[in-house]
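Below is one structure, written out as structure tokens; the observations come after it.
Model, not experiment: these values are computed from the prediction. Below, chains carry the letters A, B, ... as their sequence lines are ordered, and counting in each starts from 1.
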Number of protein chains: 2
Amino acid sequence: MKLSTKGRYAVTAMMDIALHEKVGPVTLADISQCQGISLSYLEQLFSKLRRNGLVQGVRGPGGGYRLAKPASEISVADIIDAVDEKMDLTKCGGKGNCDGGSKCLTHKLWYDLTCDLHRFLSGITLDQYLNRPHINELVKKQDEQYGRFINRRTAA
Amino acid sequence: MKLSTKGRYAVTAMMDIALHEKVGPVTLADISQCQGISLSYLEQLFSKLRRNGLVQGVRGPGGGYRLAKPASEISVADIIDAVDEKMDLTKCGGKGNCDGGSKCLTHKLWYDLTCDLHRFLSGITLDQYLNRPHINELVKKQDEQYGRFINRRTAA
DNA sequence: TTAAATACTTAGTAAATCAGTCAGGAATAG
DNA sequence: CTATTCCTGACTGATTTACTAAGTATTTAA
Ligand code: FES
Ligand code: FES
């Protein structure tokens, strides 16, 4: 578990997709422009997100990315784990066997805390943020500002 | 809010101090040896922890660091905030005024999530980890292994 | 009073990571 | 066919990490 601006970019982008799920696939170019993230950087991130089974790419005109699972089944922890390398646990290298087979003190202290945190972030799924009162108003505003989905019907 | 190995080091070191609170000040040399963190790196981290009022340094022989507040009043969020620079929120630079005075969509999505996370980590205080069943056994084991506090009485 | 132990400070550094560019290839709709 | 999109890989400057080195300041104990 690790949390950096990289994770922030990924979570933001995933939320953008989730918010437009009903309109159809969302292009990285749109996300790049609206959320202010470099296109090439997004491509790197989505390469990881796709390999981890969180999104599904659709090529060709009218394509883009869509969620590979319902928003209710994608947690923030999933996204961060997919994008950020897990930080290593020094001494034992994640094996947890410094102390003759069992976890040593250092390991256990951090391990316990990380588990708590991971459990917390696993409980936060994308859909929890989609239907908040103020959000949908902002989405509409932003879409208009950037002229997104102007000739797009509600997708199949 | 940001979470990296740097934060891990700080939290681990703080827990080491908290675990020996009754024995007296803990030296960075001891922490360095037992938790496997470079001494000079610890000095940098504790410089920040001290400036943020989380620990109190005691100079001279028999000195070390002790908590500046009760363990129940020091949260993991406090430690991480003290040590890790807060990550910036790109476009607006934390001001939250992209959108004509109010927070834009990008900002709001991340802001809401960060608040949830921060609230969670603020609720986790050091003392919650001190009295877990397995921990005290491990502390004793480690102290013996490194010969810590062999001629030290319970401090005033 | 001296010596040792500790906190504290600053400067420097190799390696890693971040965030991005660039250049192209592959699939698909019209 | 052509434009649009995903997709991949190589490369890069800037920053951060984690650490080393070298000192100074303060306190205790002999
Ligand atoms: S650091 Fe993992 S068991 Fe010791
Ligand atoms: S990024 Fe902060 S308000 Fe837009």
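Look at CG on A:D30: it is 9 Å from P on D:dC6, rounded to the nearest Å. With rounding to whole Å, B:Y41 atom OH is found 15 Å from C:dA16 atom P. Whole-Å rounding puts the A:L42 CG to D:dT8 P distance at 15 Å. Rounded to a whole Å, the CZ atom of B:R66 is 13 Å from the C1' atom of D:dT27. Atoms CD (B:Q33) and C1' (D:dC19) sit 17 Å apart, rounded to a whole Å. Across the protein-nucleic acid pair, B:D84 atom CG and D:dT17 atom P stand 6 Å apart, rounded to whole Å. Rounded to an integer number of Å, the gap from CZ of A:R148 to P of D:dT5 is 12 Å. Atom P of nucleotide C:dT10 and atom CD of B:E43 are separated by 13 Å, given to the nearest angstrom.
Of all heavy-atom pairs spanning B:S32 and B:S38, the tightest one is OG-C, 4.0 Å. Contact detail for B:A10 and B:L45: the closest heavy-atom pair is N-CD1, 4.2 Å. For the residue pair B:R132 and A:D112, the shortest heavy atom distance occurs at NH1-OD2, 3.4 Å. Scanning all heavy atoms of the two residues, the minimum distance from B:I31 to B:L42 falls at CG2-CD1, 3.8 Å.
The stretch residues 45-59 of chain A touches DNA chain C through A:R59, each having a heavy atom within less than 4.0 Å of the strand.
The aromatic rings of A:Y9 and A:Y41 sit perpendicular, their planes meeting at an angle over 60°, well past the 30° parallel limit.
A side-chain donor-acceptor contact under 3.5 Å links A:N136 to the backbone of A:L130.
Residue B:P61 places its side chain closer to C:dA5 than to any other of C:dG20, D:dC19, C:dA5. Listed nucleotides D:dT27, C:dC18, D:dT17 differ in distance to A:S4; the shortest reach to its side chain belongs to C:dC18. Of the candidates D:dA18, D:dT16, C:dA5, D:dT16 carries the atom nearest the B:K2 side chain, counting heavy atoms from C-beta on. The B:Q44 side chain lies nearest to C:dG12 when the options are C:dA5, D:dT17, C:dG12. The side chain of A:S40 sits closest to C:dC22 out of D:dC19, D:dA3, C:dC22.
Remark: A:S38 is in phosphate contact with C:dT21, judged by side-chain N or O atoms under 4.0 Å from OP1 or OP2. An OP1 or OP2 oxygen of C:dC8 is reached within less than 4.0 angstrom by a side-chain nitrogen or oxygen of B:Y65.
Side-chain contact, B:S47 with B:Q44: no donor N or O sits under 3.5 Å from an acceptor N or O.
Taking the charged nitrogens against the carboxylate oxygens, A:E43 and A:R50 have no contact shorter than 4.0 Å, which rules out a salt bridge.
Scanning for side chain to side chain donor-acceptor pair (under 3.5 Å) contacts around A:D143 gives A:H20, A:R148, with sequence neighbours left out.
Surrounding NZ of A:K69 are more than 12 heavy atoms belonging to other residues, nucleotides or ligands, all under 6.0 Å away.
Between the two ends of the helix from C:dT1-D:dA30 to C:dG30-D:dC1, each summarised by a five-pair axis, the helix axis turns through 20° (rounded to 10 degrees).
Closest-nucleotide positions on DNA chain C for B:L28 and A:G7 were compared, and the one nearer the 5' end corresponds to B:L28.
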